[in-house]
Visitor: 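Okay, handing you the structure first.
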Amino acid sequence: MELFKLTASALLDKLSRKETTPEEIFKDLSQRIADTDNKVKAYVRLDQTKDRRPETIDYSLPSIVSKPLAGIPVSIKDNICTEGLNTECCSKILSGFNPPYDATVIKKLKESGAVIFPAKTNMDEFAFGSSTENSQFGPTHNPWDLDRVPGGSSGGSAAAIGADEAILALGSDTGGSIRQPAAFCGVVGLKPTYGRVSRFGLIAFASSLDQIGPLTKDVRDSALLMNVISGHDPMDSTSVDIPVPDYTKSLVNDIKGIKIGIPKEYFVEGMNPEVKTIVEEAINKLRSLGAGHKPVSLAHTDYAVPVYYILATAEASSNLARFDGVQYGLRAKTSKLIDMYKKTRGEGFGQEAKRRILLGTFALSHGYYDAYYLRALKVRTLIKQDFDRIFKDFDCIVTPTSPTPAFKIGEKSDDPLSMYLSDIYTISANLAGIPAISITCGYTKAGLPVGLQILAKPFAEETIFRVAHTYERNTEWHKVKPKL
Amino acid sequence: MALSKETVKYVADLSRIELEPEELETLSKQLEGVLAFIGKLNELDISDISPTSHILPVNNVLREDTAQRSLTPDKSLANAPQPCGNFFEVPKVIE
């Protein structure tokens with residue numbers, strides 16, 4: 001049985017009819033990983049999966065009814081704390097770190113009966129990157145073309161789902177790190193509204209931008225996972241006390257009357273012509289299904305990337321100050337404390353991490369704070385206002401997820417700025433705190449997936465699910481699998 | 001703006017990161033490029049705009065001042081590079 005090819009929803013169905021068991025699913029998935037991951041490298045520290053088995057679940061117990069993901073394996077990005085399972089952010093500086101607690105999302109997954117897969121997925125170190133090339137374990141390879149990047153920073157999770165090496169996966173998104181790899185790997189990736197999902201246990205990159213979110217094979221699985229991980233958490237004072245709806249109720253096949261805004265700033269001269277054509281076809285498809293669309297303007301689009309690279313790096317410089325060799329991870333051998341800090345961080349951080357910490361520290365430093373950090377905070381207001389204005393008259397905004405399909409490994413690694421610009425369509429959603437999903441809407445002539453991004457106002461994930469699911473029900477893109 | 005190697009070295013010291021000479025060279029050039037790009041923000045008139053520090057209207061989240069469970073010393077020290085009793089031992093701070 002090729003159980004690893006199925007969605008979580010299909011597996012739950014088989015489990016309820018006793019056509020399979022959690023042990024069988026786990027074994028089948030583990031075999032798939034053993035057969036395929038030497039090519040894709042979606043996972044890290046696989047040697048630690050030995051001797052770990054899922055708990056046996058008795059389906060006759062009444063408590064099973066309240067366990068919505070019972071028996072389903074979930075693969076976790078290496079920056080989400082899992083008690084007893086190393087969590088290293090794919091960085092040398094956190095080598096060997098074994099968290100003494102579970103992140104809230106992990107706790108919720110366990111309570112839902114899910115099986116935390118005992119190897120973490122690859123990522124750009126500390127989520128700094130858009131290609132998963134900045135991992136101390138080497139890059140993950142795109143399942144659609146092994147010479148290409150899977151996107152980043154949640155490239156491991158996205159590639160695992162794309163390669164059927166995972167059933168459900170979690171990633172994190174600060175500037176597009178769930179959505180862009182989802183687009184590159186032909187899977188569904190959702191960044192929830194800021195505050196929808198607890199960040200407790202997510203090793204922080206930028207505290208005002210980070211969100212944990214699902215990477216899945218289809219929109220239904222995304223809704224299932226969102227039902228479990230969402231909700232207020234007293235351990236995260238930025239999480240919001242708003243009830244979690246049953247997101248599966250939004251999985252209807254109807255978008256009649258939905259008003260879609262198409263921002264003209266996202267369809268510019270010089271964008272990849274195949275991406276443009278494929279996304280325009282997807283928009284036409286949505287119109288044929290009953291949605292209306294009009295051009296709109298997000299006037300400050302061009303300022304989003306510079307704003308992000310000040311605010312996110314400033315927050316990162318603060319959040320990464322804790323990695324100093326004192327309490328965990330790498331410690332350089334020195335005789336003076338200050339040398340210990342400098343050498344530990346000099347040896348333990350990769351180049352991108354150093355770049356971002358230096359940039360952030362500079363932007364916050366005396367004499368530059370007003371010109372850079374404070375200015376960026378004000379432009380953030382303008383970006384948020386652009387979205388607020390549009391959502392008064394429109395239910396959602398639709399754009400390409402990425403200006404290009406997956407690029408080749410090594411293609412952008414010498415030019416940080418070119419890498420940063422690849423986030424241009426995803427970054428604004430984090431700055432504005434709004435939810436956004438990427439779903440597959442076609443393939444280039446070379447067979448690479450192209451992502452369609454749907455954005456909505458804060459806490460309107462239901463609208464996103466409705467539009468995304470309707471599109472999926474009327475297309476076949478999500479059923480195509482890479483040849484591995 | 002031009003970013004001198006001295007400025008980058010100063011910022012590296014503030015960040016407590018030791019850089020090799022080649023790193024200092026490469027990073028200075030790269031950061032200069034990024035900062036030039038970021039200078040685009042100066043095109044905007046932000047005189048009447050207030051900064052967004054919280055994207056949600058959620059702040060001053062408090063709880064009752066009662067003691068709650070926290071990590072035991074054992075768990076806290078489990079990853080310590082140099083544990084010493086109930087302490088994290090570090091190189092001498094005071095000369």
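Just so we're on the same page: letters track the sequence lines, and every chain starts at 1. These numbers come from the heavy atoms of this one structure, side chains and all, not from hydrogens, waters or symmetry mates.
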Visitor: Answer whether the closest heavy-atom distance between the side chains of L14(B) and S365(A) falls below 4.5 Å.
Guide: yes
Visitor: Taking atom NZ of K412(A) as the centre, report whether more than 12 heavy atoms of other residues, nucleotides or ligands fall under 6.0 Å from it.
Guide: yes
Visitor: For K75(B) and E83(A), what are the C-alpha separation, side-chain angles and deciding distance, and is it a salt bridge (Lys or Arg N to Asp or Glu O under 4.0 Å)?
Guide: CA-CA 11 Å; K75(B) 281 195 162 186; E83(A) 185 175 357; 3.0 Å; yes
Visitor: Among L374(A), I338(A), V240(A), which has the most heavy-atom pairs under 4.5 Å with chain B?
Guide: I338(A)
Visitor: Please check if the side chain of T52(B) supplies one atom and the backbone of R380(A) the other of a donor-acceptor pair under 3.5 Å.
Guide: no
Visitor: Would you mind telling me which of G433(A), S237(A), P99(A) has the largest number of heavy-atom pairs within less than 4.5 Å of chain B?
Guide: S237(A)
Visitor: Which heavy atom of P81(B) sits nearest to which heavy atom of G325(A), and what is that distance?
Guide: CG-O, 3.4 Å
Visitor: With chain B as the partner chain, list the residues of residues 300-311 of chain A whose heavy atoms fall under 4.5 Å from it, by residue number, and write 'none' if nothing qualifies.
Guide: H300(A), D302(A), Y303(A), V305(A), P306(A), V307(A), Y309(A), I310(A)
Visitor: Please report the closest heavy-atom contact between R355(A) and L27(B), naming both atoms and the distance.
Guide: CG-CD2, 3.4 Å
Visitor: Answer yes or no: is there a side-chain heavy-atom contact under 4.5 Å between N42(B) and R375(A)?
Guide: yes
Visitor: Could you go through the side chain to side chain contact (heavy atoms under 4.5 Å, CB included) check for T7(B) and F362(A) one step at a time?
Guide: CA-CA 9 Å; T7(B) 305; F362(A) 177 78; 3.9 Å; yes
Visitor: Which region of D74(B), side chain (C-beta onward) or backbone (N, CA, C, O), has a non-hydrogen atom less than 4.5 Å from a non-hydrogen atom of chain A, or is it both or neither?
Guide: neither
Visitor: Check each atom of L19(B) against the heavy atoms of chain A and say whether the ones under 4.5 Å are side chain, backbone, both or neither.
Guide: side chain
Visitor: So how far is it from E18(B) CD to F349(A) CZ, rounded to the nearest 0.5 Å?
Guide: 14.0 Å
Visitor: Which bit of S317(A) is near chain B, if near means a heavy-atom gap under 4.5 Å: side chain, backbone, both or neither?
Guide: neither
Visitor: Compare every heavy atom of L358(A) with every heavy atom of S15(B), then report the nearest pair and how far apart it is.
Guide: OG-CD2, 3.9 Å
Visitor: Side chain to side chain contact (heavy atoms under 4.5 Å, CB included), that's the test. Do L35(B) and Y372(A) meet it? Break it down for me.
Guide: CA-CA 10 Å; L35(B) 277 178; Y372(A) 290 98; 3.6 Å; yes
Visitor: Would you mind checking which part of K336(A) comes under 4.5 Å of any heavy atom in chain B, side chain (CB onward), backbone (N, CA, C, O), both or neither?
Guide: both
Visitor: For I383(A), which atoms come within 4.5 Å of any heavy atom of chain B: side chain, backbone, both, or neither?
Guide: neither
Visitor: Measure the spacing between OG1 of T361(A) and OH of Y10(B) and express it to the nearest 0.5 Å.
Guide: 10.5 Å
Visitor: Of the backbone (N, CA, C, O) and the side chain (C-beta and beyond), which part of A78(B) lies under 4.5 Å from a heavy atom of chain A, both, or neither?
Guide: neither
Visitor: Any Lys/Arg nitrogen of K354(A) or E23(B) sitting under 4.0 Å from an Asp/Glu carboxylate oxygen of the other?
Guide: yes
Visitor: What part of Q82(B) is in contact with chain A, defined as an atom under 4.5 angstrom from a non-hydrogen atom: side chain, backbone, both or neither?
Guide: both
Visitor: Using heavy atoms and a sub-4.5 Å threshold, report which of residues 56-69 of chain B line up against chain A, by residue number.
Guide: L56(B), V58(B), V61(B)
Visitor: Of all of V93(B), L41(B), I38(B), which one pairs up most often with chain A through heavy atoms under 4.5 Å apart?
Guide: L41(B)
Visitor: Heavy-atom distances under 4.5 Å only: say whether T344(A) touches chain B with side chain, backbone, both or neither.
Guide: neither
Visitor: Does the pair D324(A) and R16(B) meet the rule for a side chain to side chain contact (heavy atoms under 4.5 Å, CB included), with working shown?
Guide: CA-CA 9 Å; D324(A) 57 11; R16(B) 299 291 185 256; over 6 Å; no
Visitor: To the nearest 0.5 Å, how far apart are CG in L31(B) and CG in L417(A)?
Guide: 11.0 Å
Visitor: Under 4.5 Å between any side-chain heavy atoms of Q327(A) and N79(B), yes or no?
Guide: no
Visitor: If you count heavy-atom pairs under 4.5 Å with chain B, which of I357(A), N98(A), D241(A) comes out on top?
Guide: N98(A)
Visitor: Applying side chain to side chain contact (heavy atoms under 4.5 Å, CB included), run through M340(A) and V90(B) and close with a yes or a no.
Guide: CA-CA 9 Å; M340(A) 184 183 88; V90(B) 296; 4.2 Å; yes
Visitor: With a 4.5 angstrom heavy-atom cut-off, which part of A332(A) approaches chain B: side chain, backbone, both or neither?
Guide: neither
Visitor: When you measure from the side chain of T381(A) to the backbone of I49(B), do you find a donor-acceptor pair of N or O atoms at a distance under 3.5 Å?
Guide: no
Visitor: Any side-chain heavy atom of K378(A) within less than 4.5 Å of one from L44(B)?
Guide: no
Visitor: Counting only non-hydrogen atoms closer than 4.5 Å, does L421(A) touch chain B with its backbone (N, CA, C, O), its side chain (CB onward), both, or neither?
Guide: side chain
Visitor: Quick one: closest heavy-atom pair of L71(B) and P100(A), and the distance?
Guide: CD1-CG, 3.9 Å
Visitor: Take a 6.0 Å sphere around NZ of K384(A) and say whether it holds more than 12 heavy atoms from other residues, nucleotides or ligands.
Guide: yes
